[in-house]
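Report on the following structure.
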Amino acid sequence: MMKLRLSLGLVLLTLSAAGWAQTAPLPDWDTLSPQQREALIAPVRDRWNDAPAPQRERMLQHGQRWLTMTPEQRAQAHRGRHRFENMTPEQREQARALFGQMRSMTPEQRQALRDRWARMTPDERKAWLKANPAPTPPPPPKR
């Protein structure tokens, strides 16, 4: 009976420790070890070093913009990126074309285009995409 209680206690202790490890907050940047910081920074440094000047400029602009965003705007950006990653290649091409057009529009013009797009048939969308191709994306960085 004592062994059973001890075994049960150890199992519960192990499970609660595993649960705590999953929910424990991660440390602030200032408390990370130099090795942990390096592990986080190395991929960004490699992308930066491999990128041509225009791409470095974009990376810097994106980083500066990120710093000015509210937590809600950052969450919206994460959701948009996740949604884009789960699109088919055709849907991505449509999204790029629409984004390319909307980039220079006023909010009212953007809404009008969204409304028009929602009413278009697949053939009308193909014709619109042919008349308004997506901007050419930059080449991926060399690795």
Side-chain angles (χ1 to χ4, degrees), residues 1-120 122 124-126 128-143:
M1 186 69 162
M2 185 63 140
K3 279 187 172 181
L4 180 61
R5 285 185 189 171
L6 183 58
S7 296
L8 184 57
L10 288 174
V11 168
L12 290 174
L13 182 60
T14 303
L15 289 175
S16 66
W20 178 82
Q22 292 173 353
T23 60
L26 296 173
D28 289 336
W29 180 264
D30 294 336
T31 60
L32 293 175
S33 70
Q35 294 82 12
Q36 289 171 317
R37 290 180 188 180
E38 178 59 26
L40 291 167
I41 291 174
V44 176
R45 182 182 51 241
D46 292 343
R47 281 185 53 210
W48 179 270
N49 289 336
D50 293 343
Q55 189 171 352
R56 286 181 182 187
E57 181 65 31
R58 255 190 334 278
M59 289 170 69
L60 186 58
Q61 288 172 353
H62 288 174
Q64 290 169 336
R65 181 168 176 232
W66 186 260
L67 292 174
T68 66
M69 295 171 92
T70 65
E72 294 80 21
Q73 290 170 322
R74 289 178 183 184
Q76 183 179 5
H78 279 294
R79 285 191 303 272
R81 190 190 85 216
H82 181 72
R83 190 171 52 243
F84 186 81
E85 289 171 349
N86 290 316
M87 289 179 177
T88 65
E90 182 179 314
Q91 290 171 324
R92 287 182 183 191
E93 188 66 21
Q94 289 177 358
R96 283 188 190 102
L98 286 166
F99 183 78
Q101 288 293 315
M102 290 183 181
R103 191 172 222 160
S104 61
M105 293 180 169
T106 66
E108 295 79 20
Q109 291 170 324
R110 287 182 195 141
Q111 189 58 50
L113 179 55
R114 279 189 210 101
D115 294 342
R116 196 168 106 214
W117 184 263
R119 291 189 306 270
M120 286 183 192
E124 290 172 329
R125 288 180 179 180
K126 285 180 186 176
W128 187 92
L129 289 168
K130 192 172 185 176
N132 302 281
T136 306
K142 296 175 190 169
R143 298 210 175 211

Please list, chain by chain and in numerical order, all residues satisfying salt bridge (Lys or Arg N to Asp or Glu O under 4.0 Å) with Glu93, sequence neighbours excluded.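 Salt bridge (Lys or Arg N to Asp or Glu O under 4.0 Å) check on Glu93 returns Arg96.
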Legend entry - Qualifying residues under salt bridge (Lys or Arg N to Asp or Glu O under 4.0 Å), relative to Glu124, sequence neighbours excluded: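 Checked Glu124 against salt bridge (Lys or Arg N to Asp or Glu O under 4.0 Å); zero matches.
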Taking all atoms of both residues into account, what is the closest heavy-atom pair of [X] and [Y], and its distance?
X     : Y      : value
Thr68 : Gln73  : O-OE1, 4.2 Å
Ala97 : Ala134 : N-CB, 3.5 Å
Arg92 : Asn86  : NH2-N, 4.5 Å
Arg37 : Thr31  : NH2-N, 4.3 Å

| message | Go through it in stages, so that I can follow the logic: the residues are Arg114 and Gln111, the test is side-chain hydrogen bond (donor to acceptor under 3.5 Å, both in side chains), and I'd like the CA-CA distance, side-chain angles, deciding distance and then a yes or no. | response | CA-CA 5 Å; Arg114 279 189 210 101; Gln111 189 58 50; 3.1 Å; yes
Interatomic spacing from [atom1] in [X] to [atom2] in [Y] - rounded to 0.5 Å:
X      : Y      : atom1 : atom2 : answer
Gln94  : Trp128 : CD    : CH2   : 9.5 Å
Arg125 : Met120 : CZ    : CE    : 7.5 Å
Met102 : Met105 : CE    : CE    : 6.5 Å

Checklist line | Under the ring-ring contact (aromatic ring centres under 6.0 Å, His included) test, residues paired with Trp48 that sit two or more places apart | finding: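 By the ring-ring contact (aromatic ring centres under 6.0 Å, His included) rule, Trp48 matches no residue at all.
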#### Entry: Set of ring-ring contact (aromatic ring centres under 6.0 Å, His included) partners for His78, sequence neighbours left out
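Counting only residues at least two positions away or on another chain, His78 forms a ring-ring contact (aromatic ring centres under 6.0 Å, His included) with Trp66.
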Qualifying residues under side chain to side chain donor-acceptor pair (under 3.5 Å), relative to Asp30, sequence neighbours excluded: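 Expected list: none.
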>> Considering only residues two or more places apart or on different chains, which pairs with a residue in residues 72-90 satisfy salt bridge (charged side-chain N to carboxylate O under 4.0 Å, His left out)?
In response: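 Qualifying pairs: Arg81-Glu85.
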Under the 3.5 angstrom rule, does the side chain of Arg56 hit a backbone N or O of Asn49 as a donor-acceptor pair?
->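 Pair found, side chain donor or acceptor close to backbone of Asn49.
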